[in-house]
Amino acid sequence: MPTALNLFSRPRWRTLVLLAVLLAPLLWPIEHLATRYYSERVAEQNAQTLELYVANLRGTLRRYEALPHILGDLPALRAALRAAEDADTINAANQLLKRVRDQSGADVIYLMNPAGLTLAASNWSEFDAFVGRNFAFRPYFREALAGRLGQFFGLGTTSGKRGYFFAAAVRDGHEVLGVLVVKVDLDHTETLLGSTPEQLLVTDAHGVVILTSRPDWRFRATRELSAGERADIAANLPYPTQTPQPLALVERDWLRQSSTLEETGWTASILAPRSLIERPVQSVMAIAGATLLAVLLLAAVLLQRRRHLLERLAIDARTRRELEQRVAERTEDLLALTERLKQEVLEREQAQQELVRAQDELVQAGKLSALGTMSASISHELNQPLAAIRSYADNAGVLLDHGRVEDARGNLKLISELTARMASIISHLKAFARRDRKAPETVALQPALDDALALLAQRRRALEVELLRDLPDATLWVQAGETRLRQVLGNLLANAFDAMSEKAPPRRLWLSAQPLADGRISLTLRDNGPGFSAEALERAREPFFTTKTTARGLGLGLAICDSLTRALGGELLLANHPQGGALVTLNLLPASAGPGTQSPEDRP
């Protein structure tokens, strides 16, 4: 027995070494999987980038592809080809080509006679004008005379700028009057990738780099050029040199993805440095190595604990002989354990009671939360009537100081009406919180709008808002509630005033109403404020979303207006007007005519 214990207690270094030898080969598949994962990730990202770039490049070219055919039908250009000696005709053609270039964004547009001599050009007034130059040696000119759409990429012999040329014959029936050429500037396409480590590469049919995000790669050959290709380059002069130097590119240092533009014969490639993969793979391997080391340390700890366990087993074997002597002590321990169990039962009962009390407190907290939400809504909706009451009260004091008792009594009567309206608002807000749906009433739209404007009249005057009405003389009747409709209109008008307060005068508010084809009544409010942002249009109907400071709003107005409008069977539409400012449309269900109403301006 002692021999066995001594054998188990020796350090198991050989076991740890064996475990390390077994786990170390796992690092190779981890490295392989990490390399594969990050390679696929980089490839996927580069494929998306390349697809977007090719689509952008193809869209740029297609935008100008049909332009030569369209311009060739213009009478002014045909007249210039037939009367090349007439200065006024040529000048008119120059002016026309310049206007078309400014509108289309093309680099240069020029008109040549059948001999290749340029008669008119959009850059006729510039120092490097094409007028008077002969470009018959260009392949696009020959293709256009042959009845095809001429296409060519090359370096301008006059301007020295790269561009893509589209050319088409100008015909009068079967007669070829000349050739119209549109040159497209592609320099901006080289900057689309920005300062990313990936590099852009576009090669033409000769394998020469024509577009790249690396200026030192431009006009270099990616492969050996044949004799026919060199002769073609010498004849057409597409590059600044007739012998493009080879591109010194170490392929193993880059990950290449390519896409072919069939219509031009170009190949667009995106090159990603392998360091984009090597760095994260090295990080993964460092983590894997650290994990392996942690496993070895854990194994060492487990072996040490195993040795301690064997020692405890030996001690237990020696103490087993003493068990008979400790029976009495065990009995006492059992009695003590029973007492502890009783105490634990009492503690669990107390914990159960605490749980019940906690649940009651959670229910109460939920009620307080709902009460807080309702309080926020009530505070928001009562803010406007309270502001009006304060204004009327101040005016009443001034009127009493001047002995104008009747006018002061009129202000007090308005205060009483506003107090009744506040009580009605509270009633409707409570019904809204309970999702109480009252039956719609017949309400006159124009008087309700006048009431809402009357509440905000002082603020409108303070902001110097010009009110432009386009309301029909006949009363428009809608299905709504008196208080709920005024509540919605007041909120929408207040939001418009808030928006216009952010800009300098003049401030204008347009109000218009009309019946729709489906029978509904449409009320439109338009201001000349900053309008809705993209985020505001998306989230304006969410409670507590606001673009104002917390001192000016809680973000509940539009949410409440939208809920009330939908409860009435209508809809609230938010948009920006094409001429600037916000455009709010309130569509309500129509109703039959009700009793006569009286606007606030007509009341005594």
Side-chain angles (χ1 to χ4, degrees), residues 380-381 383-384 388 443-473 475-503 505-516 520-533 536-537 539-541 545-548 552-553 555-566 568-590 599-601:
H380 180 83
E381 295 303 324
N383 185 45
Q384 298 172 5
V443 181
L445 180 61
Q446 291 95 326
L449 182 61
D450 292 337
D451 285 346
L453 288 170
L455 286 177
L456 299 170
Q458 182 177 359
R459 186 174 183 193
R460 179 169 67 86
R461 289 191 294 270
L463 292 175
E464 300 179 0
V465 177
E466 180 183 358
L467 193 61
L468 303 174
R469 298 172 181 250
D470 185 13
L471 302 175
D473 296 333
T475 303
L476 298 175
W477 297 90
V478 296
Q479 296 183 24
E482 286 283 350
T483 303
R484 283 180 285 178
L485 181 57
R486 285 164 173 75
Q487 177 182 355
V488 171
L489 295 176
N491 278 331
L492 297 181
L493 291 170
N495 285 342
F497 291 154
D498 288 340
M500 287 188 289
S501 65
E502 301 176 4
K503 69 177 295 292
R507 303 183 179 98
R508 296 185 178 91
L509 178 64
W510 290 266
L511 299 175
S512 62
Q514 61 181 351
L516 299 177
R520 293 184 299 173
I521 304 300
S522 176
L523 174 64
T524 302
L525 292 84
R526 174 198 164 196
D527 60 62
N528 63 340
F532 293 105
S533 64
L537 285 176
R539 302 182 54 196
R541 293 177 172 83
F545 172 78
T546 179
T547 58
K548 309 171 187 175
R552 294 182 57 190
L556 293 170
L558 285 178
I560 293 175
C561 289
D562 184 62
S563 297
L564 291 177
T565 304
R566 285 189 283 105
L568 295 172
E571 63 177 346
L572 182 63
L573 305 178
L574 307 177
N576 287 319
H577 196 272
Q579 298 180 4
L583 179 65
V584 180
T585 304
L586 182 64
N587 296 329
L588 297 172
L589 296 177
S599 65
E601 289 81 355

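Because the structure is a prediction, the values reported are computed rather than measured. We're numbering straight along the sequence, starting at 1.
Shown here for Pro472 and Gln446, the closest heavy-atom pair between the two residues is O-NE2, 3.3 Å. For Ala575 against Phe532, the heavy-atom pair with the smallest separation is O-CD1, 3.4 Å. Pairing each heavy atom of Pro530 with each of Ala499, the nearest pair is CD-O, 3.3 Å.
Legend: residues meeting salt bridge (Lys or Arg N to Asp or Glu O under 4.0 Å) with Arg520, ordered by chain and number and at least two apart, are Asp518, Glu571.
Sorted by first and then second residue, the side chain to side chain donor-acceptor pair (under 3.5 Å) pairs with a member in residues 574-585 read Arg526-Gln579; sequence neighbours excluded. Within the structure, no pair that satisfies the salt bridge (Lys or Arg N to Asp or Glu O under 4.0 Å) test touches residues 572-589, not counting sequence neighbours.
Rounding to the nearest 0.5 Å gives a distance of 12.0 Å between CH2 of Trp477 and CD1 of Ile521. The distance from the OG atom of Ser522 to the CG atom of Leu516 is 4.5 Å, given to the nearest 0.5 Å. To the nearest 0.5 Å, atoms CG (Leu476) and CG (Asp473) are separated by 10.5 Å. If you take CG on Leu445 and OG1 on Thr475, they are separated by 9.5 Å, rounding to the nearest 0.5 Å. Note: Asn587 CG to Thr524 OG1 = 7.5 Å, rounded to the nearest 0.5 Å.
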* **Verdict with reasoning, Met500 to Leu509, per side-chain contact (heavy atoms from CB on, under 4.5 Å)** => CA-CA 9 Å; Met500 287 188 289; Leu509 178 64; 4.1 Å; yes
* Asked: Yes or no on side-chain contact (heavy atoms from CB on, under 4.5 Å) for Leu511 and Leu525, after CA distance, side-chain angles and deciding distance?
  -> CA-CA 5 Å; Leu511 299 175; Leu525 292 84; 3.6 Å; yes
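Counting only heavy atoms from C-beta outward, the side chains of Asn495 and Asp527 never approach each other to under 4.5 Å. Between Leu573 and Leu583 there is no side-chain heavy-atom pair separated by less than 4.5 Å. You'll find the side chain of Leu523 reaches within 4.5 Å of the side chain of Leu489, heavy atoms only.
Under a 3.5 Å cut-off, the side chain of Asn528 and the backbone N or O of Pro506 do form a donor-acceptor pair. Side-chain atoms of Glu466 never come within 3.5 Å of backbone atoms of Arg507 as a donor-acceptor pair (strictly under, hydrogens ignored).
Put simply, the residue from Leu449, Thr565, Leu588 that forms a side-chain contact (heavy atoms from CB on, under 4.5 Å) with Leu485 is Leu588.
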